[in-house]
Amino acid sequence: MLNRYEPVIGLEIHAELMTQSKMFCGCRVVDSVTAAPNTAVCPVCLGMPGMLPVINRRAIDFAVRVALALGCDIQPHNIFARKNYFYPDLPKGYQISQYELPIGRHGALDVTLPGGRTSRIGIRRVHIEEDTGKLTHRDGGSLVDYNRSGVPLLEIVSEPDIRSGEEARAYATRIRQILRYLDVNSGDMEKGVLRIEPNISLRPRGSDAFGTRTELKNLNSFRALADGTDYELTRQAAVLDGGGRVIQETRGWHDTRRETFSQRVKEEAEDYRYFAEPDLPPLLIDPDWMVAARAALPELPQAKEARYTDAHGLSPYEAAALAEDRAVAEWFDAVIAAGGRPKTAANWILNDLFRLMNERGRSIADLPVSPAAFVALLGRVEGGEVNGASAREVLAEMVDSGGDPAAIIAARGLSQLSDEAALAAIIDGIIAANPDAVANYLGGKESLLAWFVGQAMRATRGQGNPALINRLLRERLEARRSA
Ligand code: ADP
Ligand code: ZN
Ligand code: MG
């Protein structure tokens with residue numbers, strides 16, 4: 001059904017900015033889930049008559065950062081605009097936003113799908129606005145909390161370049177990751193600090209014109225985004241196949257029924273009677289500001305991934321896993337800088353270190369393992385001074401309480417036994433004590449080698465050098481064949 005139509009999708013993403021204070025007043029930005037209602041409010045964000053807003057410089061800094069990271073042109077001359085509408089969560093009766101002149105325009109973001117295909121999604125605009133209060137509907141009435149009123153909000157609007165629910169998800173995931181890299185948004189979607197609205201339409205394949213779109217409001221998980229979009233595409237295709245026409249409307253996503261439902265029909269664009277905000281002067285972003293903001297950008301996740309695959313030979317999967325979180329990526333970078341071999345370090349981090357951190361509830365921020373100590377441990381494995389199993393034990397202690405790997409190895413008596421004569425003596429003893437197993441092995445049951453290795457490891461209390469044990473066992477068993 002869907003192959004007759006081409007999906008056309010554009011995303012609007014709203015991100016609260018992690019500033020200390022609100023967009024236009026000095027009230028603190030508080031956690032809207034845990035803070036007591038209406039405790040971070042003042043006459044400005046309550047919309048009292050005669051109160052004057054003042055622009056939060058840090059919020060503009062954050063917006064410039066995001067716009068630059070998304071490859072946008074930065075508008076040097078910004079005008080705030082009033083978007084007029086009435087709603088109980090909007091005490092002023094208008095929202096201060098940006099209309100004709102957003103901070104950023106004409107950007108682009110490359111997203112890679114799980115299969116490896118990459119596509120470029122245009123960024124139409126990045127602009128600043130203020131969040132509204134929060135309504136809670138109870139039987140018999142509604143409660144309103146204005147703590148969120150006036151919190152700086154960034155809106156990132158894509159071009160309608162997205163072609164599937166999966167691509168929408170990949171795009172939104174990348175945006176969230178970049179916001180976290182830039183330290184402007186926590187990405188805590190369950191707290192509502194990042195909200196996604198896909199605009200969705202279908203057109204006959206080969207056609208250039210856009211079909212009528214519907215908009216899904218306020219999705220707060222990637223799963224809801226992918227599933228809601230797919231549901232909507234299938235629903236629209238059925239409408240079109242049945243000879244009907246799609247109605248332009250906003251729809252909600254029902255998370256338990258897993259379907260969309262109509263909320264509000266808007267046949268025509270709403271008239272918000274935008275006009276230039278008379279209480280604010282134009283916001284000028286001078287060239288020095290832009291240069292400083294660009295210089296302060298961290299290496300972005302796409303660049304990290306490319307460096308990990310191209311310069312360090314990691315797989316795309318390993319690169320993405322290490323670059324996912326900026327703190328982890330920077331820790332990995334420090335490991336490389338301390339002389340760690342990228343592939344080996346990546347393996348140990350993704351397998352053993354992550355598992356240990358999970359088990360012990362540690363994040364990279366409170367990990368007592370220094371990159372240098374980690375590299376020292378890997379060096380001892382590589383140099384044959386400690387075997388893999390013992391190194392894992394050492395790493396576990398390091399994750400718990402830090403420490404120097406050499407000291408832990410010595411204290412626990414974990415030095416690898418690589419003394420060839422000593423190992424040969426142990427192996428000869430095992431061979432002499434197990435004539436049946438030897439006969440079976442020589443009779444063709446090659447898998448018994450693993451059993452012999454196990455015996456030797458046990459005899460060395462887990463510290464034997466596995467590679468050496470393997471070689472010695474083979475040699476000495478084969479010697480029996482010719483004897
Ligand atoms: P608004 O929803 O406020 O009218 P826009 O018209 O700028 O704002 O569009 C919002 C989003 O909808 C953008 O991401 C844009 O790419 C996307 N969009 C516009 N037209 C369509 C369409 N026909 N189908 C799907 N997405 C669309
Ligand atoms: Zn206030
Ligand atoms: Mg919209």
Side-chain angles (χ1 to χ4, degrees), residues 5-14 19-30 35 38-48 51-56 59 70 81 83 85 91-92 95-100 102 105-109 121-127 129-133 145-152 155-165 167-168 171-172 175 196-204 207-219 225 229 232-233 236 240 245-251 263-264 266-272 274:
Y5 304 107
E6 182 182 42
V8 172
I9 302 162
L11 258 52
E12 295 166 69
I13 296 184
H14 283 98
T19 49
Q20 297 278 319
S21 58
K22 292 189 181 180
M23 188 64 227
F24 299 115
C25 62
C27 289
R28 285 180 59 76
V29 171
V30 295
N38 297 306
T39 49
V41 293
C42 75
V44 174
C45 55
L46 287 174
M48 300 294 174
M51 292 299 117
L52 290 176
V54 176
I55 300 169
N56 180 335
L70 297 177
K83 181 181 182 179
Y85 68 99
K92 292 197 295 290
Q95 181 187 32
I96 304 179
S97 181
Q98 295 185 291
Y99 190 51
E100 278 120 351
R105 282 192 292 191
H106 311 132
L109 183 65
I121 312 298
I123 307 286
R124 183 177 283 185
R125 54 190 282 142
V126 173
H127 75 247
E129 54 190 38
E130 53 178 338
D131 212 345
T132 61
D145 175 7
Y146 289 116
N147 282 349
R148 206 179 67 181
S149 174
V151 167
E155 179 165 350
I156 302 165
V157 183
S158 86
E159 294 293 343
D161 293 341
I162 297 166
R163 294 289 170 265
S164 68
E167 201 168 74
Y171 167 84
I175 293 276
I196 307 171
E197 298 175 351
N199 293 263
I200 302 157
S201 67
L202 290 176
R203 64 182 171 192
S207 148
D208 283 338
F210 287 156
T212 304
R213 67 178 145 138
T214 57
E215 179 173 349
L216 294 187
K217 290 308 265 188
N218 277 333
L219 304 180
L225 172 63
T229 301
E232 198 48 28
L233 291 170
Q236 290 185 12
L240 295 174
R245 63 184 191 94
V246 173
I247 301 168
Q248 184 167 347
E249 60 185 346
T250 54
R251 297 177 70 88
Q263 284 181 321
R264 192 158 52 98
K266 53 171 180 185
E267 288 280 2
E268 278 158 51
E270 274 154 292
D271 188 354
Y272 292 112
Y274 281 101

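Being a predicted model, the structure only gives us computed values, none of them experimental. In each ligand, atom 1 is the first atom listed, and ligand 1 is the first ligand listed.
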Side chain or backbone of Leu11 under 4.0 Å from ligand 1, or both, or neither, by non-hydrogen atoms? backbone
When you look for heavy atoms under 4.0 Å from ligand 1, do you find them on the side chain of Glu12, its backbone, both, or neither? side chain
Side-chain donor/acceptor of [X] to backbone N/O of [Y], under 3.5 Å:
| X | Y | answer |
| --- | --- | --- |
| Lys22 | Ala40 | yes |
| Glu159 | Ile121 | no |
| Gln236 | Ile200 | yes |

Heavy-atom distance to [atom]: which of [options] wins?
| atom | options | result |
| --- | --- | --- |
| atom 7 (O) of ligand 1 | Arg125, Arg213, Arg124 | Arg124 |
| atom 16 (O) of ligand 1 | Ser158, Gly122, Ser201, Pro198 | Ser158 |
| atom 23 (N) of ligand 1 | Ala209, Gly10, Gly211, Pro160 | Gly211 |

So is there a nitrogen or oxygen of Ile200 less than 3.5 Å from a nitrogen or oxygen in ligand 1? no
Side chain or backbone, does Val157 bring an N or O within less than 3.5 Å of an N or O on ligand 1? no
Ligand-residue contact atoms, ligand 1 with [X], heavy atoms, under 4.0 Å:
| X | result |
| --- | --- |
| Glu159 | 16 (O) |
| Glu215 | 2 (O) |
| Val8 | 24 (N), 25 (C) |
| Asn199 | 10 (C), 11 (C), 12 (O), 17 (C), 25 (C), 26 (N), 27 (C) |
| Phe210 | 23 (N) |

Please work out which of the three classes, parallel, tilted or perpendicular, describes the rings of Tyr272 and Tyr85, given edges at 30° and 60°. perpendicular
Measuring only between side-chain heavy atoms, which start at C-beta, is Asn199 closer than 4.5 Å to Pro160? no
Measuring from Glu215:CD to Glu232:CD, what's the distance to the nearest 0.5 Å? 11.0 Å
Say you draw a straight line from CD of Gln98 to OH of Tyr274; how long is it, rounded to the nearest 0.5 Å? 11.0 Å
Checking Met23 against Ile96 for the side-chain contact (heavy atoms from CB on, under 4.5 Å) test, could you report, in this order, the C-alpha distance in whole Å, the side-chain angles of both residues, the deciding distance, and whether it holds? CA-CA 10 Å; Met23 188 64 227; Ile96 304 179; over 6 Å; no
